[in-house]
Number of protein chains: 2
Amino acid sequence: MEVRAKELEIEKASMVLKLLGDKTRLAMMKLLEKNECCVCEFVGIFHISQSAISQHLRKLRDVGLVKENRKGQWIFYSLNKDSDMYEMVLHILEFVPSQDERIQALEKQGLRISCQ
Amino acid sequence: MEVRAKELEIEKASMVLKLLGDKTRLAMMKLLEKNECCVCEFVGIFHISQSAISQHLRKLRDVGLVKENRKGQWIFYSLNKDSDMYEMVLHILEFVPSQDERIQALEKQGLRISCQ
DNA sequence: TGAACATATAAGCATATGCTGATATGCTAT
DNA sequence: ATAGCATATCAGCATATGCTTATATGTTCA
């Protein structure tokens with residue numbers, strides 16, 4: 001591999017790792033591994049503002065880790081399987097404990113898709 | 001897994017990922033995957049101060065990713081295979097391009113173990 | 001069209017991070 | 001002991017990051 005290509009690659013890898021190096025974003029990505037989620041669900045799960053959630057998602061989208069899919073007034077996020085970092089991300093998520101009980105907690109509260 | 005244990009686990013994982021989310025530290029870890037290195041070698045490889053190198057290594061050591069091994073006045077760093085994050089780290093490093101040419105560049109300059 | 005809801009963006013703040021230069025500590029060998 | 005080298009730590013600075021509140025944009029539906 002070219003020196004310059006390596007430089008770019010390690011830069012890209014470190015950028016992705018930095019993004020995953022935030023507890024909230026890492027939990028988001030783990031949730032997205034198994035679920036499509038909309039912003040308001042994340043708002044119900046994490047105890048931070050809608051604005052903060054939106055900013056996290058933008059960062060993840062800016063580097064192509066997630067993609068969005070608008071359905072009416074909701075925007076559903078999912079992992080972007082076409083990302084050239086997708087494989088690495090999957091490997092990493094294997095080491096992250098499932099966050100599904102957070103979604104189940106939402107459901108128990110009757111807040112799944114709280115925006116509906 | 002207990003909710004509390006999950007919380008701790010994701011916290012630990014995100015901390016490790018944050019550490020690897022720095023270009024310099026990621027390259028260091030990739031080098032340490034195959035080589036033992038001392039501080040002065042890193043100083044020769046990266047264009048930052050000895051102080052900065054030392055601080056990066058301390059962070060990596062504080063979470064147990066690397067260990068140190070003093071040999072006389074040098075301290076050689078290596079990956080800590082006993083870390084409970086070791087397996088995840090190895091998986092991640094598979095996606096990072098080899099940095100060995102940086103060591104070879106050092107050798108060409110006659111600077112391998114520049115401190116000797 | 002306008003009200004209601006979902007999401008995004010802007011501005012500002014507190015804290016974290018990475019770096020440098022200066023200095024301290026630790027080891028070796030004379 | 002002391003000089004010389006390797007490494008660690010301290011203090012301070014500039015920038016990055018994550019959050020909040022306020023506001024803007026986009027969509028649906030009456």
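The basis for the numbers below is simple: all heavy atoms, side chains too, and nothing from hydrogens, waters or symmetry mates. Order of the sequence lines fixes the chain letters, A, B, ..., with proteins taken first and strands second; residue numbering starts at 1 for each chain.
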Q: Tell me whether A/R70 contacts the main-chain N or O of A/G72 through its side chain, where contact means a donor paired with an acceptor under 3.5 Å.
A: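 Confirmed, A/R70 side chain pairs with A/G72 backbone.
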Q: Please state how far atom CD1 in B/I48 lies from atom P in C/dT17, giving the value in whole angstrom units.
A: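 It works out to 16 Å between those atoms.
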Q: What is the distance, rounded to the nearest whole Å, between atom CZ of A/R61 and atom P of C/dA8?
A: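 Roughly 7 Å, once rounded to whole Å.
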Q: Mapping A/I75 and A/Q55 to their closest nucleotides on DNA chain C, which lands nearer the 5' end?
A: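 The 5'-side residue here is A/I75.
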Q: Report which part of the nucleic acid B/R25 touches: base, sugar-phosphate, or nothing (heavy-atom distance under 4.0 Å, all strands).
A: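 The residue B/R25 makes sugar-phosphate contact but no base contact.
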Q: Taking 4.0 Å as the cut-off, does a side-chain nitrogen or oxygen of B/H56 come that near to OP1 or OP2 on C/dC19?
A: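 Looking at the OP1 and OP2 atoms of C/dC19, one of them is under 4.0 Å from a side-chain N or O of B/H56.
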Q: Should B/L17 and A/K18 count as side-chain neighbours, where that means a heavy-atom distance under 4.5 Å?
A: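 In short, these two side chains do not touch, never coming nearer than 4.5 Å.
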Q: Any non-hydrogen side-chain atom of B/I10 less than 4.5 Å from a side-chain atom of A/L26?
A: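 Yes, side chains in contact.
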Q: Charged N to carboxylate O under 4.0 angstrom, A/K30 versus A/D100?
A: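 Between A/D100 and A/K30 there is no salt bridge, as every charged N stays at least 4.0 Å from the carboxylate O atoms.
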Q: Take atom CZ of A/F46 and atom C1' of D/dG18, then tell me their distance rounded to the nearest Å.
A: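 Atom-to-atom, A/F46 to D/dG18, this comes out as 14 Å.
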Q: How do A/G72 and B/E68 order along DNA chain D: which one's closest nucleotide is nearer the 5' end?
A: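 It is B/E68, whose closest nucleotide lies nearer the 5' terminus.
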Q: Would you say A/S49 places a side-chain N or O within less than 4.0 Å of OP1 or OP2 belonging to D/dC19?
A: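 Negative; the distance criterion is not met.
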Q: Of the listed nucleotides (D/dA22, D/dT9, D/dA6), which one gets closest to any side-chain atom of B/Q73?
A: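 Nearest to the side chain of B/Q73 among the choices is D/dA6.
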Q: Taking 4.0 angstrom as the limit, do A/K23 and B/E7 come out as a salt bridge?
A: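 Looking at A/K23 and B/E7, the cut-off is met.
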Q: Please answer whether the main-chain N or O of B/C38 pairs with a side-chain N or O of B/E41 as donor and acceptor at a distance below 3.5 Å.
A: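 Present.
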Q: Between C/dC5 atom P and A/E41 atom CD, what is the distance in whole Å?
A: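 Going from A/E41 (CD) to C/dC5 (P), I get 18 Å.
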Q: Are A/R58 and C/dT7 close enough that a side-chain N or O sits under 4.0 Å from OP1 or OP2?
A: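 For C/dT7, OP1/OP2 do not have a side-chain N/O of A/R58 under 4.0 Å.
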Q: Just list the side-chain donor-acceptor pairs under 3.5 Å for residues 42-54 of chain B, sequence neighbours left out, or say none.
A:
residue: B/S49; atom: OG; partner: B/A52; partner atom: N; Å: 3.1
residue: B/S51; atom: OG; partner: B/Q55; partner atom: NE2; Å: 2.9

Q: Taking for each residue the nucleotide of DNA chain D bearing the nearest heavy atom, is the 5' side occupied by A/R70 or by A/S51?
A: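 Residue closer to the 5' terminus by nearest nucleotide: A/S51.
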Q: Check whether any side-chain N or O of A/Y77 sits under 4.0 Å from OP1 or OP2 of C/dA8, and answer yes or no.
A: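 The answer is yes; a side-chain N or O of A/Y77 sits under 4.0 Å from OP1 or OP2.
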Q: Nearest whole Å is fine: how far is D/dT17 P from A/I53 CD1?
A: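 After rounding, the gap between these two atoms is 18 Å.
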Q: Using 4.0 Å as the upper bound for N to carboxylate O, is an ion pair formed by B/K67 and B/D82?
A: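 A salt bridge is absent here (no side-chain N lies under 4.0 Å from a carboxylate O).
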Q: If you take atom types as modelled and just measure distance, does the side chain of B/Q50 reach the base of D/dA8 with a donor-acceptor pair under 3.5 Å?
A: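 Yes, the side chain and the base share a sub-3.5 Å donor-acceptor pair.
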Q: Can you tell me the distance, in whole Å, between the CH2 atom of A/W74 and the C1' atom of C/dA8?
A: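 Distance, rounded to whole Å: 18 Å.
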Q: In whole Å, I'd like the distance from the CZ atom of B/F76 to the P atom of D/dA8.
A: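 It works out to 12 Å between those atoms.
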Q: Please tell me if B/K59 has a side-chain N or O lying less than 4.0 Å from either OP1 or OP2 of C/dG18.
A: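 So the side chain of B/K59 is within the cut-off, an N or O lying under 4.0 Å from OP1 or OP2 of C/dG18.
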Q: A/D62 has an atom CG; how far is it from atom C1' of D/dT17, in whole Å?
A: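 About 15 Å, once rounded to whole Å.
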Q: For DNA chain D, which residues in residues 11-23 of chain A have a heavy atom at a distance below 4.0 Å?
A: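 A/K18, A/D22 - these, ordered by number, are the residues of the stretch whose heavy atoms sit under 4.0 Å from the strand.
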